[in-house]
Amino acid sequence: MTLLAAAWTVVVGAKDFSLAIAFFSVLIGLLMMIMVIGSLNFKTYNRDFFERLIVNIFVIQSLFSLCAFVSPTVREIVHHFQFAEDAAKAEASYAGFRGLAISGRLYFEFAATCGLVTIIQFKRISDNKNSSWKEYIKLILIVICGFFAGRTSMIGFGFGIVYLILCKAQTKNKLRIIGNFILILLICVASCALILPPDILIFVTDFVAPWVFDLFIKFSETGSTSDSASFNHLNEMYEYVTITSEEWIYGSGRFMSSTGGYYKSVDGGYIRHLLYWGVIGSFFNILYGLLYFIKPYFKSIFRDDRIFIILICLYSFFLHYKGDLVTTSRFYHVPLVIVMLPYVIKPGIFFKYGTNRYRNSVG
């Protein structure tokens with residue numbers, strides 16, 4: 001895809017290699033991931049280990065964000081581990097609320113990945129009939145972690161609920177999971193109300209909560225999402241952008257504007273790729289994005305695993321409407337591939353479930 005994107009812009013005559021660089025960045029991220037995975041003992045660590053590892057990493061990120069949100073001193077320390085322009089944007093544009101993670105990606109990609117990890121944690125809780133209260137706390141922390149990056153993470157929570165509905169767990173177990181989550185959530189909210197200083201509570205109720213739940217608030221008040229500025233701005237990018245007949249077919253070969261920013265000032269994933277290499281190149285781009293899921297789907301053994309893979313695929317392509325996520329987001333692809341790997345690598349040699357149903361199915 002890196003070579004194809006580079007060749008495409010040369011043939012078209014634009015010579016904008018920003019998309020090729022984005023693909024190459026994903027390649028670098030995956031190579032680094034191979035170095036990390038290769039250092040692990042495949043005969044010891046199973047799929048749950050990798051899922052738990054990713055979940056715990058984002059729980060730690062959530063704790064960093066919470067501490068930075070509460071303490072200006074911690075926030076200053078966190079900003080030292082961020083790109084200067086991102087740290088400045090967080091302070092200037094979002095009242096110091098967003099962009100509090102120790103990460104190279106602080107907004108859309110981070111929020112989208114938090115949504116991905118939310119789905120993973122829903123799966124872990126659903127698959128384990130005896131999940132402890134700690135796992136519910138982790139789920140809540142991951143959701144909160146997403147709030148500090150963007151509202152996109154809420155979509156992951158919705159897909160997690162869908163997995164809970166569709167999985168093979170008994171209805172009483174599903175209701176128990178929902179009940180436990182609500183109960184622990186209420187306890188956490190009550191505890192925060194008692195512990196947090198009044199000024200922080202006022203900021204949360206008057207600024208953070210209305211911003212996070214803006215779409216739902218507008219819909220409940222008016223029965224429409226037309227008053228949600230961010231949602232409408234995204235739709236307007238697709239509705240009002242001018243696309244020439246040549247761009248529809250083979251694109252412009254431009255991913256970024258010559259004056260800075262996105263080409264034609266649109267950042268929706270589908271429209272950006274359409275403008276770059278038209279319908280023809282977009283076909284290859286979507287096919288490439290699907291390749292992350294096709295083999296894991298057909299290699300998976302159980303129905304719930306296939307449901308999980310389908311939902312992750314739908315979630316990824318759904319968010320691609322908002323931003324370029326499915327194919328060129330290194331931050332998103334690394335945990336995604338780590339989660340998909342156990343479905344592809346031959347069972348019984350590298351990964352072992354350690355459960356009776358797995359041993360019976362593969363002997």
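Taken from CG in D48 to CD1 in I120, the straight-line distance is 11.5 Å, to the nearest 0.5 Å. With values rounded to the nearest 0.5 angstrom, M340 atom CE is found 13.0 Å from I294 atom CD1.
Members clustered with I77: I60, F64, V74, V78, F81, I102, by chain and number, using a 4.5 Å side-chain heavy-atom cutoff among hydrophobic residues. Annotation for L175: hydrophobic cluster partners, listed by chain and number, are none (ILVMFWY side-chain heavy atoms under 4.5 Å, direct or chained).
With hydrogens and angles disregarded, a donor-acceptor distance shorter than 3.5 Å links the side chain of S62 to the backbone of L141. The closest donor-acceptor contact from the side chain of Y276 to the backbone of A5 lies under 3.5 Å. A donor-acceptor pair is defined here as one N or O able to donate and one able to accept, closer than 3.5 Å; such a pair exists between the side chain of S65 and the backbone of Q61.
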Next on the checklist: Assess the residue pair F181 and F157 against the criterion (ring-ring contact (aromatic ring centres under 6.0 Å, His included)); give the C-alpha distance rounded to whole Å, side-chain angles, the decisive distance to 0.1 Å, and a yes or no.
Outcome noted: CA-CA 12 Å; F181 176 79; F157 185 86; 5.7 Å; yes
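With sequence neighbours excluded, the residues forming a salt bridge (Lys or Arg N to Asp or Glu O under 4.0 Å) with E247 are K264, listed by chain and number. In this structure, the salt bridge (Lys or Arg N to Asp or Glu O under 4.0 Å) partners of K138, at least two apart in sequence or on a different chain, are E135.
Using a 4.0 Å cut-off between a side-chain N of Lys or Arg and a carboxylate O of Asp or Glu, D305 and R47 qualify as a salt bridge.
In this structure, M154 and F147 have side chains that are in contact, with non-hydrogen atoms separated by less than 4.5 Å. At a threshold of 4.5 Å between non-hydrogen side-chain atoms, the residues Y315 and L311 do not count as touching. By the 4.5 Å heavy-atom criterion applied to side chains, E109 and R330 are not counted as neighbours. Two residues are said to be in side-chain contact when any heavy atoms from C-beta on lie closer than 4.5 Å; S126 and I177 meet this criterion.
Listed by first and then second residue, the ring-ring contact (aromatic ring centres under 6.0 Å, His included) pairs involving residues 11-31 are F23-Y288 (not counting sequence neighbours). The salt bridge (charged side-chain N to carboxylate O under 4.0 Å, His left out) analysis of residues 184-205, with sequence neighbours excluded, yields no pairs.
In this structure, the ring of F122 has its center no less than 6.0 angstrom from the ring center of F159. In this structure, F148 has its ring center closer than 6.0 angstrom to the ring center of F69.
Between Y321 and Y238, the angle of the ring planes stays under 30°, which puts this pair in the parallel group of the 30/60° scheme.
In this structure, K299 fails the cation-pi test against Y343, since its NZ or CZ atom is not both closer than 6.0 Å to the six-membered ring centre and inside 45 degrees of the ring normal.
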